Novice: 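Structure incoming, see below.
Count residues from 1 along the sequence. Just follow the structure's listing: the first ligand is 1, and inside any ligand the first atom is 1. This one's a predicted model, so the numbers in the text were calculated from it and none came from an experiment.
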Amino acid sequence: MSRPLIIAVDGPAASGKGTIAARLAAHYGLPHLDTGLLYRAVGIKVLGDGHSVDDAEAAEAAARSMIPAGLDQDARLTTGEAGEAASRVAGHPGVRAALLELQQDFASQPGGAVLDGRDIGTVIAPDATAKLFITASAEVRARRRWRQLTARGDVIAFEDMLADILRRDERDAGRGAAPMIPAADAVLLDTTDLDIEAAFDAARRIVEAARASR
Ligand code: DC
């Protein structure tokens, strides 16, 4: 039997990692898990239950009761508020521990899987076949996110979007628990000047090179 193909796609907000991961999953016929949705769902549940995102106990309880099915259909999770809440609850080690097994089970499906997030290559799937760390300048990432949100009617100033992206980068990379850093063996892909086709093509070539070197 051929070896499972596990692809880890990490990177900051609006770097293109989600789209690249989805395209790679479709290309290789693999299941895909957007792990950011798990943290977004925890953040929204904590707020919905009337707790603060700084309440580690409430956040861990929400993470332990998490059922991942259907999260990709939940429009509430795509808001800026959900992203901000996710980034805050993601700093609690108990939340990360509660979501670990679920993500590792997903990664170890027989044929393999594609997971995108912040700590896939470092913590969730350190033995992944291919590890990509997707980056882009903060301005370009803010512009992409701003276009997405305003296209669907949200009202937000570009400057606020940029400040939000920078604050999120700092929090995600600066936290003690599983900070956002490229794995030592990850390949960096900068999508600042790439459209989605070019970015996907570059990502596919990185995966092929990683497979060939195994
Ligand atoms: O990828 P995203 O924007 O949907 O993620 C939202 C937040 O969730 C992000 O700011 C940090 C957190 N997160 C994390 O800490 N680890 C992951 N594997 C995925 C997301």
Novice: Is any N or O atom of D172, backbone or side chain, closer than 3.5 Å to an N or O atom of ligand 1?
Specialist: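 Looking only at distances, the answer is yes, because the N/O contact criterion of under 3.5 Å is met.
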Novice: Which atoms of ligand 1 are found less than 4.0 Å from any heavy atom of G36?
Specialist: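 Reading through ligand 1 atom by atom, the close ones are 4 (O), 5 (O), 19 (C), 20 (C).
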Novice: Charged N to carboxylate O under 4.0 angstrom, R141 versus D169?
Specialist: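 Salt bridge: yes.
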Novice: Indicate yes or no: does an N/O atom of D34 lie under 3.5 Å from an N/O atom of ligand 1?
Specialist: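 No: no nitrogen or oxygen of D34 is under 3.5 Å from one in ligand 1.
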Novice: Among I44, L38, D72, find the residue that satisfies the side-chain contact (heavy atoms from CB on, under 4.5 Å) test when tested with L77.
Specialist: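 Of the listed options, the one satisfying the test is I44.
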Novice: Could you list the atoms of ligand 1 found under 4.0 angstrom from a heavy atom of R168?
Specialist: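 Here the atoms of ligand 1 in question are 3 (O), 6 (C), 7 (C), 9 (C), 10 (O).
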Novice: Counting only heavy atoms, which portion of R167 has something under 4.0 Å from ligand 1: side chain, backbone, both, or neither?
Specialist: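 None of R167 does.
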Novice: Assess R171 for proximity to ligand 1: is some non-hydrogen atom of it under 4.0 Å away?
Specialist: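 R171: no contact with ligand 1 (<4.0 Å).
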Novice: For K17 and ligand 1, answer yes if some heavy atom of the residue is under 4.0 Å from a ligand atom, otherwise no.
Specialist: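 Yes; K17 lies near enough to ligand 1 that a heavy-atom distance drops under 4.0 Å.
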Novice: Where's the contact between R118 and ligand 1, heavy-atom distance under 4.0 Å: side chain, backbone, both or neither?
Specialist: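 Contact part for R118 vs ligand 1: both backbone and side chain.
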Novice: Name the residue from E170, R171, R118 that meets the side-chain hydrogen bond (donor to acceptor under 3.5 Å, both in side chains) definition with S87.
Specialist: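 When side-chain hydrogen bond (donor to acceptor under 3.5 Å, both in side chains) is applied between S87 and each of E170, R171, R118, only R171 qualifies.
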Novice: Any atom of ligand 1 sitting under 4.0 Å from a heavy atom of M180?
Specialist: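 Per 4.0 Å heavy-atom rule, M180 does not contact ligand 1.
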Novice: Just to confirm my output: which protein heavy-atom neighbour is closest to atom 19 (C) of ligand 1, and how far is it?
Specialist: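 Checking every protein heavy atom, the shortest distance to atom 19 (C) of ligand 1 gives T35 OG1, 3.4 Å.
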Novice: Among R144, R145, R152, which residue meets the side-chain hydrogen bond (donor to acceptor under 3.5 Å, both in side chains) test with Q148?
Specialist: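 Answer after filtering R144, R145, R152: R145.
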Novice: Find all atoms of ligand 1 within a distance of less than 4.0 Å from any non-hydrogen atom belonging to S87, and give their numbers and elements.
Specialist: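 With S87 as reference, the close atoms of ligand 1 come out as 7 (C), 10 (O).
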Novice: Nearest protein heavy atom to atom 7 (C) of ligand 1, by residue and atom, and its distance?
Specialist: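 Of the protein heavy atoms, A86 CB, 3.5 Å lies nearest.
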Novice: Would R211 and E208 count as a salt bridge (charged side-chain N to carboxylate O under 4.0 Å, His left out) here? Give the steps.
Specialist: CA-CA 5 Å; R211 277 178 114 179; E208 288 306 319; 3.6 Å; yes
Novice: Geometry only, no angles: is D119 polar-contacting ligand 1 at N/O separations under 3.5 Å?
Specialist: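 Right, the criterion is met.
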Novice: Taking distance alone, with N or O pairs closer than 3.5 Å, would you say R96 contacts ligand 1?
Specialist: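 Yes; the residue has a nitrogen or oxygen that sits under 3.5 Å from a nitrogen or oxygen of the ligand.
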Novice: Quick one: side chain to side chain contact (heavy atoms under 4.5 Å, CB included) partners of T192, sequence neighbours excluded?
Specialist: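 Applying side chain to side chain contact (heavy atoms under 4.5 Å, CB included) to T192 gives A136, S137, V140, D190.
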Novice: Tell me, yes or no, whether the heavy-atom count around R167 atom CZ, taken from other residues, nucleotides or ligands under 6.0 Å, exceeds 12.
Specialist: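 Yes.
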Novice: Hey, are R88 and D54 close enough for a salt bridge, meaning a charged N less than 4.0 Å from a carboxylate O?
Specialist: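 Yes, charged N to carboxylate O under 4.0 Å.
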Novice: If the cut-off is 4.0 Å to any non-hydrogen atom of A90, which atoms of ligand 1 fall inside it?
Specialist: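 Near A90, meaning under 4.0 Å from one of its heavy atoms, ligand 1 has 12 (C), 15 (O).
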Novice: Would D116 and H32 count as having a side-chain donor-acceptor pair, cut-off 3.5 Å?
Specialist: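 Yes, H32 and D116 have a side-chain donor paired with an acceptor closer than 3.5 Å.
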Novice: Where's the contact between R40 and ligand 1, heavy-atom distance under 4.0 Å: side chain, backbone, both or neither?
Specialist: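 Side chain only.
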Novice: Any ion pair linking E60 and R64 (charged N to carboxylate O, less than 4.0 Å)?
Specialist: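 Yes.
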